[in-house]
Number of protein chains: 2
Amino acid sequence: MKEQFFVHTDNYVKFTPAEKDLLAAVLTFRKVNAKTELVSFDKRTDQLFFLLKGCIRKYYVKDGEQITIHILTENNFVSAFDSLMTGSPSKEVIECLEPCELLTLKKADLETLYHQIPGMNELVRKLLEQTLIQFQQALTSFILDNPEERYKKLVAKNPGILQRVPQHMFATYLGITATSLSRIRKRILAKA
Amino acid sequence: MKEQFFVHTDNYVKFTPAEKDLLAAVLTFRKVNAKTELVSFDKRTDQLFFLLKGCIRKYYVKDGEQITIHILTENNFVSAFDSLMTGSPSKEVIECLEPCELLTLKKADLETLYHQIPGMNELVRKLLEQTLIQFQQALTSFILDNPEERYKKLVAKNPGILQRVPQHMFATYLGITATSLSRIRKRILAKA
DNA sequence: GATAAACGTTTACAAAAGACAAGAAATGCT
DNA sequence: AGCATTTCTTGTCTTTTGTAAACGTTTATC
């Protein structure tokens, strides 16, 4: 299953076989049930995940409500970035929505890899550049678009995801209530 | 003025004097008037900026309105990231709100530096990590907080900025109209 | 120093979204 | 298959925000 990981990294940096061995040695395979919390509220985390199979969301809890801030599927890196970087307890919860297959990488191992593998900084730099563009687009959409437009963009960009994730999770992700999303959907259907 | 730049980078990576010379050689100093557009609408950009002095905002144009998406002050990197990375025409405008002093770095020179200076990938990786945390916090705030809370956080985080930027630019930055911001300010004053 | 432009606030009215509650439909579990 | 839970929709009422326009004030510019 680690081949799938390297297929992904090959898009950014070509590691030598020896380097891949070093990396593979610190990647741990993990298979978990739906509803597993990879990172729990107010707990520190020292690892990052690569999602091989399944679907994951990140959410915050505000006034007793779960507010989804991110939804991811196969072949993406996931982590409670804030907690990982600063060492503070995580305010975001990372939860599996389906049975998932993951690779985990400890932060300490990553730090070691930065010294062992010259291309590692380059890989992470490039991954972060991609991530940053995504974040920027998401943030821009919040500023520029109303909820209806955001919903349409989400559907256009990620059609399959709607069948995998309950609607009310999307609602909070769009910054609206489930009630409101239901009305928006109705409005869109009426036009089509 | 390049010392100020290296004071900043020293927080992340310690370059040797020789490396600093290489870097300094491709940094160009620039002094511009207020209202200068560093990146214009629908133009490609091939450089990134380090702001030594002054205040800059990024904005989008939507339905003839300017929507501010970012406001920055001294000692920050600025660029139309999307355009810089993908080579596409920029949808964001970068405008100086005050007379500014900048260092500019061409993308092509940066690519060369990645090969000349081992620590360059590391520097940019670390800068991107910081930036990502900022973006994440901004995005999270949009999902979690209402406009009033976002305004309060902005003021708490950056008290001085209010005196440097017109209120209606903040309003669009918060995702609301100037009218609405005025109401929010009134409400806050009434409580205090 | 005069004039124009930009800025901040306020008002009335319209549109959108939230809160709350009820009920239908789909899904999960044993 | 049957029961419980979750999910989705709908209705009514309230709150918030947007739109548009007016007005006084500040700031720029010549």
Side-chain angles (χ1 to χ4, degrees), chain A residues 33-36 54-55 57 59-68 71 95-100 141-152 154-155 161-192, chain B residues 33-37 54-55 57 59-68 71 95-99 141-152 154-155 161-192:
Chain A
N33 295 327
K35 301 197 182 175
T36 302
C55 186
R57 75 161 172 149
Y59 66 88
Y60 279 84
V61 178
K62 171 157 188 171
D63 303 331
E65 302 270 304
Q66 295 180 355
I67 315 283
T68 301
I71 295 167
E95 176 200 49
C96 300
L97 298 180
E98 305 173 350
C100 289
S141 180
F142 259 94
I143 298 176
L144 285 182
D145 303 333
N146 59 33
E148 183 163 340
E149 290 175 278
R150 280 205 299 283
Y151 175 75
K152 285 180 183 167
L154 182 69
V155 173
I161 202 87
L162 279 178
Q163 277 67 54
R164 296 170 73 176
V165 180
Q167 197 168 300
H168 67 268
M169 290 184 187
F170 278 111
T172 60
Y173 177 67
L174 294 170
I176 56 179
T177 58
T179 308
S180 205
L181 178 55
S182 179
R183 283 195 263 256
I184 286 171
R185 283 161 58 90
K186 190 182 177 184
R187 215 181 302 153
I188 292 172
L189 280 174
K191 286 176 194 163
Chain B
N33 295 327
K35 298 197 183 175
T36 302
E37 286 188 4
C55 186
R57 74 160 173 151
Y59 66 88
Y60 279 85
V61 177
K62 170 157 189 170
D63 305 330
E65 302 270 304
Q66 296 180 354
I67 315 283
T68 301
I71 295 166
E95 178 200 49
C96 300
L97 297 179
E98 305 173 351
S141 181
F142 260 94
I143 298 176
L144 285 184
D145 301 335
N146 60 32
E148 182 163 339
E149 290 174 278
R150 279 207 299 285
Y151 175 75
K152 284 179 185 168
L154 182 69
V155 173
I161 203 86
L162 279 177
Q163 277 69 54
R164 295 171 73 175
V165 179
Q167 197 168 304
H168 66 268
M169 290 185 187
F170 278 112
T172 61
Y173 178 67
L174 294 170
I176 56 178
T177 58
T179 307
S180 203
L181 178 55
S182 181
R183 281 195 274 247
I184 287 169
R185 283 162 59 90
K186 190 182 177 183
R187 215 180 303 152
I188 292 172
L189 279 175
K191 285 176 195 165

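This one's a predicted model, so the numbers in the text were calculated from it and none came from an experiment.
- Residue A/Gln66 contributes atom CD, which lies 11 Å from atom P of D/dT6 at whole-angstrom precision.
- The interatomic distance linking A/Leu189 (CG) with D/dC8 (C1') rounds to 13 Å, in whole Å.
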Using distance only, find each side-chain donor-acceptor pair of residues 166-180 of chain B under 3.5 Å and give its atom names and separation, not counting sequence neighbours.
unit_1: B/Gln167; atom_1: OE1; unit_2: B/Arg185; atom_2: NE; d: 3.1
unit_1: B/Gln167; atom_1: OE1; unit_2: B/Arg185; atom_2: NH2; d: 3.4
unit_1: B/Thr172; atom_1: OG1; unit_2: B/Thr68; atom_2: N; d: 2.9
unit_1: B/Thr172; atom_1: OG1; unit_2: B/Thr68; atom_2: OG1; d: 3.3
unit_1: B/Thr172; atom_1: OG1; unit_2: B/Met169; atom_2: O; d: 3.0
unit_1: B/Thr177; atom_1: OG1; unit_2: B/Ser180; atom_2: N; d: 3.2

Test A/Glu148 against A/Arg187 for salt bridge (charged side-chain N to carboxylate O under 4.0 Å, His left out), laying out the working first.
CA-CA 9 Å; A/Glu148 183 163 340; A/Arg187 215 181 302 153; 2.8 Å; yes
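- In this structure, CG of A/Leu162 is placed 10 Å from P of D/dC8, rounded to the nearest angstrom.
- We find the CZ-CG distance between B/Arg150 and B/Leu181 to be 11.0 Å, quoted to the nearest 0.5 Å.
- Not a single donor-acceptor pair under 3.5 Å links the side chain of B/Asn33 to the backbone N or O of B/Thr36.
- Counting heavy-atom neighbours within 6.0 Å of B/Glu65 CD, excluding the residue itself, gives a total of 12 or less.
- In this structure, B/Lys62 places its NZ atom 13 Å from P of D/dG18, rounding to the nearest Å.
- Nucleotide D/dT9 holds its C1' atom 15 Å from the CD1 atom of A/Ile188, rounded to whole Å.
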Going 5' to 3' through nucleotides 4-22 of chain C, assign each nucleotide B (protein heavy atom under 4.0 Å from a base atom), S (under 4.0 Å only from sugar-phosphate atoms) or - (no protein heavy atom that close).
---SSSBBB----SBBB--
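- Taken from OH in A/Tyr151 to CD1 in A/Ile184, the straight-line distance is 9.0 Å, to the nearest 0.5 Å.
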